[in-house]
Amino acid sequence: MNVEIELKIGQNIRNIREKQNMTQESLAAKLQLNGCDITRSAVAKIEVGQRHLYPDEILLIKEILNTTFESIFYGDDKKTP
């Protein structure tokens with residue numbers, strides 16, 4: 001995957017998470033409770049584009065953050081990453 005795209009997706013996830021006043025630790029815990037083996041450190045790496053996202057993680061993040069795929073992939077501006 002393109003590094004710039006991964007960075008943009010990570011930034012989008014961080015923005016959505018922060019708007020909901022959720023910590024990385026809280027997001028990681030909710031992912032773990034839903035069967036996703038992930039740490040706070042892994043969430044931090046995703047947000048800075050240093051770790052790939054798996055499809056099941058994207059689905060769970062979307063559900064936990066109560067957001068859309070468009071917001072995750074394109075952000076608020078709806079432009080391609």
Side-chain angles (χ1 to χ4, degrees):
M1 194 170 194
N2 183 303
V3 175
E4 290 178 23
I5 293 173
E6 288 185 346
L7 179 58
K8 180 63 177 164
I9 290 171
Q11 290 171 339
N12 293 340
I13 290 170
R14 180 179 181 175
N15 290 338
I16 296 164
R17 177 183 60 74
E18 287 180 342
K19 283 181 185 175
Q20 297 183 19
N21 295 316
M22 185 181 295
T23 64
Q24 291 175 341
E25 186 68 38
S26 177
L27 178 56
K30 290 179 182 198
L31 287 163
Q32 291 168 7
L33 288 172
N34 283 280
C36 188
D37 186 21
I38 194 168
T39 63
R40 189 223 42 92
S41 177
V43 170
K45 288 180 180 180
I46 288 167
E47 291 183 352
V48 296
Q50 293 180 351
R51 181 185 175 282
H52 298 290
L53 272 163
Y54 295 98
D56 60 330
E57 294 171 340
I58 296 170
L59 291 170
L60 282 174
I61 288 170
K62 176 190 173 290
E63 182 179 314
I64 290 166
L65 295 177
N66 192 31
T67 191
T68 63
F69 290 118
E70 289 80 10
S71 292
I72 290 173
F73 290 111
Y74 304 115
D76 291 333
D77 59 7
K78 304 287 190 259
K79 296 177 186 170
T80 56

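- Residue pairs meeting the side-chain hydrogen bond (donor to acceptor under 3.5 Å, both in side chains) criterion with at least one member in residues 39-49, sequence neighbours excluded, are Arg17-Glu47, Gln24-Arg40, Gln24-Glu47.
- Legend: salt bridge (Lys or Arg N to Asp or Glu O under 4.0 Å) pairs involving residues 57-68, not counting sequence neighbours, sorted by first then second residue: Arg51-Glu57.
- Applying the side-chain hydrogen bond (donor to acceptor under 3.5 Å, both in side chains) test to Glu18 and every residue at least two apart in sequence or in another chain returns Arg14.
- Under the 4.5 Å side-chain heavy-atom criterion for ILVMFWY residues, no single connected hydrophobic cluster contains both Ile64 and Tyr54.
- Cluster membership for Ile5 and Ile46, using ILVMFWY side-chain heavy atoms within less than 4.5 angstrom, is shared.
- Shown are Ile61, Ile72, Ile13; of these, the side-chain contact (heavy atoms from CB on, under 4.5 Å) with Thr67 is made only by Ile72.
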Could you list the donor-acceptor pairs under 3.5 angstrom formed between side-chain atoms of residues 25-32 and any protein atom two or more places apart in sequence or on another chain?
| from | atom 1 | to | atom 2 | distance (Å) |
| --- | --- | --- | --- | --- |
| Gln32 | NE2 | Ile38 | O | 2.4 |

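- Shown here are the side chain to side chain contact (heavy atoms under 4.5 Å, CB included) partners of Ile58, two or more places apart in sequence or in another chain: Leu53, Phe69, Phe73.
- Across every non-hydrogen atom of Gly75 and Asn12, the tightest pair is N-ND2, 3.2 Å.
- Taken together through direct or relayed side-chain contacts under 4.5 Å among Ile, Leu, Val, Met, Phe, Trp and Tyr, Val48 and Met22 form parts of separate hydrophobic clusters.
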